[in-house]
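One structure is given below, encoded as structure tokens.
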Amino acid sequence: MKNDRRWVAWFYEKNPQHPNSVHSRKKVPCNLNSYMCRGSASTIDPQTWATYQQAITTQNYADTHPKRVKVTHYGGPGFIIDDGWGFLDLDNIPTVIANHNLGERNQIDDILDLLDHTYCEASQSQSGLHFIFKVDDTVEAFNKHPEQSSRELYTSKRLVALTGNVLDPEEPLKITTIDQETWKQLNILVFGKYAPPIKVDDSFSDTELSHGVLSAQGKQIMYLILRGSDADQFNWWCTADLPDISTKESGKKFPDWNGELIYYDPSRQDMACCCMLAYWVRYYVGEYDSKLIDEIYKQTNLYRPKWNRNDGAGTYGQRTISRAIAYKQGQRDRKIEQYKGMIVHGEE
């Protein structure tokens, strides 16, 4: 971990989605390369990540300036999970941890044995555990975070708010690399079964979809978006804890990428995102490639089970992408017609 440039600082911010719960504050990654860490960091933008030494320097400053920490709500160093890294987050298990510390063998020991005693630390609340490891090229990597579950497993786009409070100080610190078989066993041990995301059957539609794996082209397009005028909105889709259902019926509003409170509609956001991606995909590859649009969309937090829902006439995702492409194509055709025949630099 110390050798990888994927470190950030994280700060506490109020969470308007859960104002009266234990989740009333959320952890926000910030760029260690920016002045006083005031710039935001993104789990999908390596340009906003820094070195271990920068993270430790910031932590040391915080340790000697407690008043500054209180004012800024600095939380500590963070590490971004992606590119072959894995993260298991077990929350709300204080009794299990206490029993383990008293010598009782339980699921914690089973996980540690399976992961060959990889790095394990207590969470910020002290009632959960973080396991950090690496996955090799054989692993069918995916994120798994069931709703209402206190167990989450990640291989991409995840901030780990580190504490340094290792579970067993007597154990040597190390990072274990696991293969597909161990990955499968880990899923079974944590969730009771191995259930990778269902691959989409697109036989009902000619709108071709991906399986969510980000290609080199997809990465380059995301890089372009995050350097362009759409960066703030796209980063919001990728990093915010977005609601799965409309907030209009409940009367509650949700802050958008500008901090403006809106009635959040997931379907409208899906369409807006796909229209944006249609533009950038065509800009980069010269055509509206539905697979590229789909694989980039699946990197955002808009992606949810509804996307793959098939009602016999294709999936919701296929229909959304198809409509977005049709809209952008129509928009482009109208502009071409509008400027048809104009003389530009001596050419028609």
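Across all non-hydrogen atoms, the minimal contact from L159 to G78 is CD1-CA, 3.9 Å. Contact detail for P266 and R304: the closest heavy-atom pair is CB-NH2, 3.4 Å. Of all heavy-atom pairs spanning S123 and S127, the tightest one is OG-N, 3.8 Å. Nearest heavy atom pair, residue A231 against residue L226, reads CB-O, 3.5 Å. Of all non-hydrogen atoms in I188 and Y194, the two that sit nearest each other are CG1-N, 3.7 Å. Between N235 and S42, the shortest heavy-atom distance links the atoms OD1-OG, 2.8 Å.
In this structure, a donor-acceptor pair under 3.5 Å is present between the side chains of K306 and S267. At a cut-off of 3.5 Å, with distance as the only test, a side-chain donor of Y119 or E121 sits close to an acceptor on the other residue. No hydrogens or angles considered: nothing links the side chains of Q269 and D265 as a donor-acceptor pair under 3.5 Å. Looking at Q329 and Y327, their side chains never bring a donor and an acceptor atom within 3.5 Å of each other. A side-chain donor-acceptor contact under 3.5 Å links W85 and D4. Between the side chains of N31 and N33, at least one donor-acceptor pair of N or O atoms lies under 3.5 Å.
A distance-only check finds a donor-acceptor pair linking the side chain of T57 to the backbone of Q53 [under 3.5 Å]. Judged purely by atom type and a 3.5 angstrom limit, N301 uses its side chain to pair as donor or acceptor with the backbone of C238. At distances below 3.5 Å, not a single donor-acceptor pair connects side-chain atoms of Q233 with backbone N or O atoms of D230. D82 places no side-chain N or O within donor-acceptor distance of the main-chain N or O of I44, the cut-off being under 3.5 Å. The backbone N or O of L302 sits less than 3.5 Å from a side-chain atom of Y297, completing a donor-acceptor pair. Remark: side-chain polar atoms of T155 are not paired, donor with acceptor, to backbone N or O of G86 under 3.5 angstrom. With hydrogens and angles disregarded, a donor-acceptor distance shorter than 3.5 Å links the side chain of R151 to the backbone of V190. Panel note: side chain T118, backbone I132; a donor-acceptor pair is recorded below 3.5 Å. Not a single donor-acceptor pair under 3.5 Å links the side chain of Q331 to the backbone N or O of A326. Side chain of Q54 to main chain of T51: a donor-acceptor pair is present (N/O by atom type, distance under 3.5 Å, no hydrogens or angles).
Hydrophobic cluster membership for Y74: F11, V69 (Ile, Leu, Val, Met, Phe, Trp, Tyr linked by side-chain heavy atoms under 4.5 Å, directly or transitively).
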Steps toward side-chain hydrogen bond (donor to acceptor under 3.5 Å, both in side chains) verdict (S156, N143): CA-CA 7 Å; S156 65; N143 293 341; 3.2 Å; yes

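Within 6.0 Å of CZ in R5 there are more than 12 heavy atoms belonging to other residues, nucleotides or ligands. For D137, the CG atom sits in a loose shell: 12 or fewer heavy atoms of surrounding residues, nucleotides or ligands are nearer than 6.0 Å.
Residues P77 and I56 form no side-chain contact, since every pair of their non-hydrogen atoms from C-beta on lies 4.5 Å or further apart. No side-chain heavy atom of V71 sits less than 4.5 Å from a side-chain heavy atom of K67. Within the 4.5 Å cutoff, side-chain heavy atoms of L129 are placed close to those of L167. Looking at I178 and K134, their side chains never come closer than 4.5 Å, going by heavy atoms from C-beta outward.
Between W257 and W237, the ring planes lie tilted relative to each other; the angle falls in the 30° to 60° range. Ring-plane geometry between W307 and Y303 is classed as perpendicular, the angle between the planes exceeding 60 degrees on a 0 to 90 degree scale with a lower cut at 30. Classification of the W236-Y264 ring pair by plane angle, with boundaries at 30° and 60°, yields perpendicular. Below 30°, between 30° and 60°, or above 60°: for W7 and F79 the angle between ring planes is above 60°, a perpendicular geometry.
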Between side-chain atoms of residues 92-99 and protein atoms elsewhere (two or more places apart, or another chain), which donor-acceptor pairs fall under 3.5 Å?
residue	atom	partner	partner atom	Å
N99	ND2	T95	O	3.4

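Remark: R282 is positioned above the aromatic ring of Y288, its terminal NZ or CZ atom under 6.0 angstrom from the ring centre and at most 45 degrees off the axis. Both tests pass for K144 against the ring of F191: distance under 6.0 Å to the centre and angle within 45° of the axis. Remark: R227 is positioned above the aromatic ring of Y223, its terminal NZ or CZ atom under 6.0 angstrom from the ring centre and at most 45 degrees off the axis.
Taking 4.0 Å as the cut-off between side-chain N and carboxylate O, E260 and K253 do not count as a salt-bridged pair. Salt bridge annotation for K328-D333: absent, with no cationic side-chain nitrogen under 4.0 angstrom from a carboxylate oxygen.
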